[in-house]
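Take a look at the structure set out below.
For clarity, every value in this text was computed on a predicted model and none was experimentally measured. All ligand and atom numbering here is 1-based and tracks the order in the structure.
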Amino acid sequence: MEPLIEVKDICKIYNPGENEVRALDHVSLKIDKGEFVAIIGQSGSGKSTFMNMLGCLDVPTSGEYFLNGTDVSTMKDNELSVVRNKEIGFIFQGFNLISNLTALENVELPLIYRGIDRKTRRELAMEALKMVGLEKRVTHKPNEMSGGQQQRVAIARAIAAKPPLILADEPTGNLDSASSKEILGILKGLHKGGRTVILITHDNGIADQAKRVVRIMDGKIESDVINEHFQE
Ligand SMILES: Nc1ncnc2c1ncn2[C@@H]1O[C@H](COP(=O)(O)OP(=O)(O)O)[C@@H](O)[C@H]1O
Ligand SMILES: [Mg+2]
């Protein structure tokens with residue numbers, strides 16, 4: 001299968017010079033289309049730095065990153081934002097919904113930036129909200145929904161434009177265990193439907209839900225294994 005992600009020997013150094021921090025230290029990784037991968041590591045291991053690279057929110061100090069066949073490692077901010085819009089759906093720990101917009105409006109909003117017309121926006125947003133089981137909550141605002149429901153809105157927002165890559169950073173970090181289970185079930189369902197899902201976490205129990213687990217430590221990949229317990 002063709003890799004969606006190909007990271008070749010990347011390093012990320014913060015504060016080059018005396019107080020430099022080598023947050024990523026010669027990392028190479030390939031992820032194929034349709035994989036469901038957890039990236040796990042302790043606090044300070046380099047997860048957020050790696051997520052920022054994979055999500056085209058930052059570029060490496062050295063090395064190459066090919067996303068869907070395009071070298072994004074040397075792109076400028078404006079080019080990166082075009083790639084992000086097109087290729088990546090983000091899910092964050094804190095949901096990042098806009099409080100005075102309804103669920104439907106929250107899901108529609110990024111579709112405006114993708115230049116999608118009004119009617120198609122509504123159709124894609126409704127389809128995505130249905131996929132996360134919220135078709136009866138579309139007029140609710142974030143403060144009228146539970147944390148789990150808010151995260152489902154955020155997932156609908158991430159998947160509405162059907163980006164090839166879903167990047168979730170500690171998506172269950174603010175949720176109780178029942179809601180966490182629900183969210184992981186939805187991510188698994190997205191994988192089943194052929195999406196590529198990358199889940200970033202510090203929690204072994206969460207990482208165990210993914211099909212492949214990549215462990216990072218001190219900015220290096222320590223292990224990369226297929227999860228034997230994973231059930232499709
Ligand atoms: N903007 C920054 N400037 C300097 N050092 C940073 C910056 N961001 C992260 N670091 C350092 O890089 C290392 C990796 O951090 P991070 O990627 O946030 O790890 P994690 O998300 O796994 O906790 C840590 O030592 C952290 O202190
Ligand atoms: Mg972090």
Flag, side chain of Arg152 to backbone of Gly133, donor-acceptor distance under 3.5 Å = yes
Spell out, as yes or no, whether a donor-acceptor pair under 3.5 Å connects the side chain of Lys188 to the backbone of Gln231.
-> yes
Measure the distances from the heavy atoms of Gly44 to every atom of ligand 1 and state whether one is below 4.0 angstrom.
-> yes
Is at least one protein non-hydrogen atom found at under 4.0 angstrom from atom 24 (C) of ligand 1?
-> yes
Answer yes or no: is there a donor N or O on one side and an acceptor on the other, between the side chain of Glu20 and the main chain of Gly17, under 3.5 Å?
-> yes
List nothing but the number: protein N/O/S atoms under 2.8 Å from the Mg ion (ligand 2).
-> 1
Is Gln42 near ligand 1, meaning one of its heavy atoms is under 4.0 Å from it?
-> yes
Is the backbone of Ser28 close enough, under 3.5 Å, to the side chain of Glu6 for a donor and an acceptor to pair up by distance?
-> no
If you draw a 6.0 Å radius around CZ in Arg122, do more than 12 non-hydrogen atoms from other residues or ligands fall strictly inside?
-> no
Counting heavy atoms not belonging to Asn78, are there more than 12 under 6.0 Å from its CG?
-> yes
Indicate yes or no: does an N/O atom of Val21 lie under 3.5 Å from an N/O atom of ligand 1?
-> no
Identity and distance of the protein heavy atom lying nearest atom 9 (C) of ligand 1 = Tyr14 CE1, 3.4 Å
Nearest to atom 16 (P) of ligand 1, what protein heavy atom do you find, and at what distance?
-> Thr49 OG1, 3.7 Å
Examine the proximity of ligand 1 to Asn15 and report which part, side chain or backbone, both or neither, has a heavy atom under 4.0 Å away.
-> side chain
Should we count CG of Asp176 as having more than 12 external heavy atoms under 6.0 Å?
-> yes
Flag: protein heavy atom within less than 4.0 Å of atom 27 (O) of ligand 1 | no
Heavy-atom donor-acceptor pair, Asn52 side chain to Leu57 backbone, under 3.5 Å = no
Could you tell me the separation between the CD1 atom of Ile166 and the CD1 atom of Ile91, rounded to the nearest 0.5 Å?
-> 6.0 Å
Do other residues, nucleotides or ligands put more than 12 heavy atoms under 6.0 Å from Gln42 CD?
-> no
Which atoms of ligand 1 have any heavy atom of Lys47 under 4.0 Å away?
-> 17 (O), 19 (O), 20 (P), 21 (O), 22 (O), 23 (O)
If you scan protein heavy atoms around atom 18 (O) of ligand 1, the nearest is Ser48 CB, 3.7 Å
Looking only at protein heavy atoms, identify the closest one to atom 19 (O) of ligand 1 and say how far it is in Å.
-> Gly46 N, 3.1 Å
Any pair with a residue in residues 58-80 that passes salt bridge (charged side-chain N to carboxylate O under 4.0 Å, His left out), sequence neighbours left out, goes on the list, sorted by first then second residue, please.
-> Lys12-Asp58
